[in-house]
Amino acid sequence: MKTPRSVLVFSVAGCLSSTLCATALASTAAAADTSASVSLLQQPSLQATVTKAQGSGTAPIVPSPAALVLTASKGKTAVGSLTLKKSSSDQHTYYLSTNQSWVWMNPPYGSTQTITSETDQLVITAQTANLAVGTHLATVYVVDSGPNNFTNMLRIPVSLTVTAEAVAPPPPPAPPAAAPAPKPVVLTPPPPPTPVVASPPPAPVAVPPPPAPAPPAPTLVPSSGIVTSPLALTLTAAKGQTAVGTLALRKGGTNQHSYSLSTNQSWVWMNPPYGSTQTITTETDQLVITVQTGNLAAGTHSAVIYIVESGPNNFSNMLRIPVTLTVTATPVKTTPPTPPAPPAAVTPTPKPVAVTPPPPPTPVVVPPPPAPVAVPPPPAPAPPAPTPVATGPIQATPVALSLSSTNAVGTLTLRKPGTDQHVYSLSASQSWVWMNPPYGSAQTITTETDQIVITAQPTGLAAGTYTAVVYIVESGPNNFSNTLRIPITFTVTGGQTASAKPGTPTQPAVSTPPPPPPPPVQTTPSASTSTSSPKTASATVSWNANSESDLAGYRVYVGTKSGSYGFVGPFEVTNRTSFTIANLPTGTTYFFAVSAFDKSGNESAKSAEVSKSLF
């Protein structure tokens, strides 16, 4: 394991403060001799973590409980809650992930959260539908980052016991009735009659008044959870067409709940989008469902929309909304029959003409020529109809990725023509596909070039070839929508074992970035007022390459506050030791740090931080 000795040097397209650069380099060089990298393969003790945090002038995030033990019967879900706290008042960021796809998280997998002095709740929902009866293990990872390069990874073990569905035993059979044995009858003479003594009538008995009726049972107040209307959607569309339905979400009470959205079928599109997290108090939220029939055969198809809800006092609930889609065959346009030809005209037989001598000729009077008529000029031609400008879809390069154990990281480049803004959300069909930007996030694109970094995680995979699909669900103006499907092939070779994390990047090299591209020129109708785009610049961070044999790449972190890197990124970089961050607004000081990660997903500590002001 290398001890990181990192000094980042970077250049910026624009005016840079040399005084700040000198100060930053001096401080990072001094810090490099005393910083120690944290192994991500071994959970440090709480005391060691606290001591390390105190050395950075902060306090670590502490989970409660330290482990979760859940139980659910087959086909049901089990829910647990983790409380995250820290004793200092400075701000930390933390990143959430897990190593098993049956663990659902809220806040969602791949998201980055912040914490200061408040208490955060992490709701864990275990899905048993695809699990066998027995005990299953998983780990929830919370990667904690704080000031002065403090980093720590929490590992919360999750144990799930899946039991078989309970079957009520049948009631025991009733025992057969035993016939009593007849007793012998003894005949005795009747006794002499006893004289009857008339007794006085009994005293009247006081009848108490009827008891007062019991008070009515208290009315149960329904839960304040989210309720959907309708409870299911039934849609119909012809092949190649779309169908749209709407769900109304309401809840009782005035406290705020949050909910995340997902579905189990790629032909279901959602607005708000798949993977997003929304909030609801007393208002009514609308969820618009659009079904895409382009890749579906004629017939009936089923899907489920999942709404994972959480509220105060560890309240959590999952709504499942069934969606039934009937795809009909594309109607065939029939050409109307040609009308029959009209019957042939019958020429009447001519009548005999009587021949008479012609009358004498009448003298012809020649009238004067008519006055000339003014001919109006032809009307001006109508202006041509405006040519509609079709919006341009996002195009991905390459159209497929082929990864292996020795090269487990690939990059997709996204571009689109035109200057209008599109929104796209990201997802994948397999849990071993990691994405940056993360799974479920929504991004925007206009004229810039976006990059999606795909990392294949071999942990838990046997040697062989695996396939997955990355989905890019795009929407734009005038109801434009499109889904890109990027096939991913991942080949795992034998003998792959997890190794220690790579060392922190060290010894940078200086490079000059190219200037940022000019802003797109847009032709718009003249208006009384106009706005100008904010001035931006770009910064290039560079470092020396690490020497580990299983190195997969580097992550570049960017922030506007020391120790907090949530402004953009992190950006994953492979096959090079520099990275340019474009379109950074000027007039701000930015803070940069770099870490390295290997093919097993282990990440080094961040390098010493450097900062720069852009003007």
Side-chain angles (χ1 to χ4, degrees), residues 6-18 20-21 24-25 28 93 95 112 145 149 397 409-415 421 424 426 435-438 441-455 504-506 508-520 533-545 552-597 603-604 606-615:
S6 59
V7 181
L8 289 177
V9 177
F10 59 90
S11 58
V12 180
C15 174
L16 304 180
S17 171
S18 59
L20 287 176
C21 185
L25 292 176
T28 55
T93 60
Y95 176 83
T112 300
S145 301
N149 297 323
T397 305
V409 180
T411 301
L412 297 173
T413 300
L414 306 184
R415 299 184 182 88
Q421 186 182 77
Y424 61 94
L426 302 171
M435 314 168 73
N436 188 17
S441 64
Q443 313 294 326
T444 60
I445 185 173
T446 52
T447 57
E448 73 277 9
T449 298
D450 286 5
Q451 287 199 334
I452 311 296
V453 179
I454 306 298
T455 304
T504 306
T506 60
V510 180
S511 65
T512 302
S533 300
K535 185 179 179 182
T536 61
S538 60
T540 294
V541 184
S542 60
W543 57 93
N544 277 7
Y554 308 89
R555 291 189 177 101
V556 179
Y557 294 84
V558 184
T560 56
K561 182 179 177 182
S562 177
S564 178
Y565 306 109
F567 182 70
V568 292
F571 301 97
E572 292 192 357
V573 182
T574 59
N575 302 325
R576 62 183 187 275
T577 56
S578 65
F579 184 74
T580 299
I581 304 96
N583 299 322
L584 294 174
T586 57
T588 303
T589 299
Y590 295 92
F591 300 84
F592 303 86
V594 178
S595 67
F597 62 94
E603 183 176 6
S604 73
K606 295 182 181 68
S607 67
E609 179 182 84
V610 293
S611 63
K612 208 60 177 178
S613 298
L614 304 184
F615 301 100

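Please read these numbers as outputs of a predicted model, since none were measured by experiment. We use all heavy atoms of the structure for the numbers below, so side chains are in, but hydrogens, waters and symmetry mates are not.
Glu609 places a side-chain N or O within donor-acceptor distance of the main-chain N or O of Gly563, the cut-off being under 3.5 Å. In terms of modelled atom types and a separation under 3.5 Å, the side chain of Ser604 and the main chain of Ala596 share a donor-acceptor contact. Under the 3.5 Å distance criterion, the side-chain polar atoms of Ser607 are matched with a main-chain donor or acceptor of Val594.
When each of Ser613, Ser611, Ser562 is checked for a side-chain hydrogen bond (donor to acceptor under 3.5 Å, both in side chains) with Thr589, only Ser613 meets the rule. Of the listed residues (Thr413, Leu414, Thr444), just one forms a side chain to side chain contact (heavy atoms under 4.5 Å, CB included) with Asp450, and that residue is Leu414.
Taking 4.5 Å as the limit, some side-chain heavy atom of Tyr557 sits within range of a side-chain heavy atom of Ser595. The side-chain heavy atoms of Ile581 and Phe592, taken from C-beta on, include a pair separated by under 4.5 Å. A 4.5 Å side-chain heavy-atom check between Trp543 and Val556 finds at least one atom pair inside the cut-off. Side-chain atoms of Tyr424 and Ile452, non-hydrogen and from C-beta on, do get closer than 4.5 Å to each other. A heavy-atom distance below 4.5 Å is not found between the side chains of Lys612 and Tyr590.
Residue Ala539 comes nearest to Leu584 through the heavy atom pair CB-CD1, 4.2 Å, listed as atom of the first residue, atom of the second, then distance. Closest approach of Thr580 and Ser538 over heavy atoms only: CG2-CB, 4.0 Å. Taking every heavy atom of both residues into account, Thr574 and Ala552 meet most closely at CG2-O, 3.4 Å. Closest non-hydrogen pair, Gln443 versus Pro437, comes out as NE2-CB, 3.3 Å. For the residue pair Tyr554 and Ala545, the shortest heavy atom distance occurs at OH-CA, 3.3 Å.
Of the N and O atoms on the side chains of Ser542 and Thr577, not one donor lies less than 3.5 Å from an acceptor on the other residue.
In this structure Gln421 satisfies the side chain to side chain donor-acceptor pair (under 3.5 Å) test with no other residue, sequence neighbours excluded. The side chain to side chain contact (heavy atoms under 4.5 Å, CB included) check on Val453 picks up Val409, Thr411, Asn436, Thr455, Glu572, with sequence neighbours excluded. Remark: Glu448 engages Thr446 in a side chain to side chain donor-acceptor pair (under 3.5 Å) (not counting sequence neighbours). In this structure, Thr560 has no side chain to side chain donor-acceptor pair (under 3.5 Å) partners at least two apart in sequence or on a different chain. Residues forming a ring pair (Phe, Tyr, Trp, His ring centres under 6.0 Å) with Tyr95 (at least two apart in sequence, or on another chain): none. Contacts of Phe591 classified as ring pair (Phe, Tyr, Trp, His ring centres under 6.0 Å), with partners at least two apart in sequence or in another chain: none.
We find the CD-CZ distance between Gln451 and Phe579 to be 6.0 Å, quoted to the nearest 0.5 Å.
Annotation: salt bridge (Lys or Arg N to Asp or Glu O under 4.0 Å) contacts involving residues 576-595, sequence neighbours excluded, are absent.
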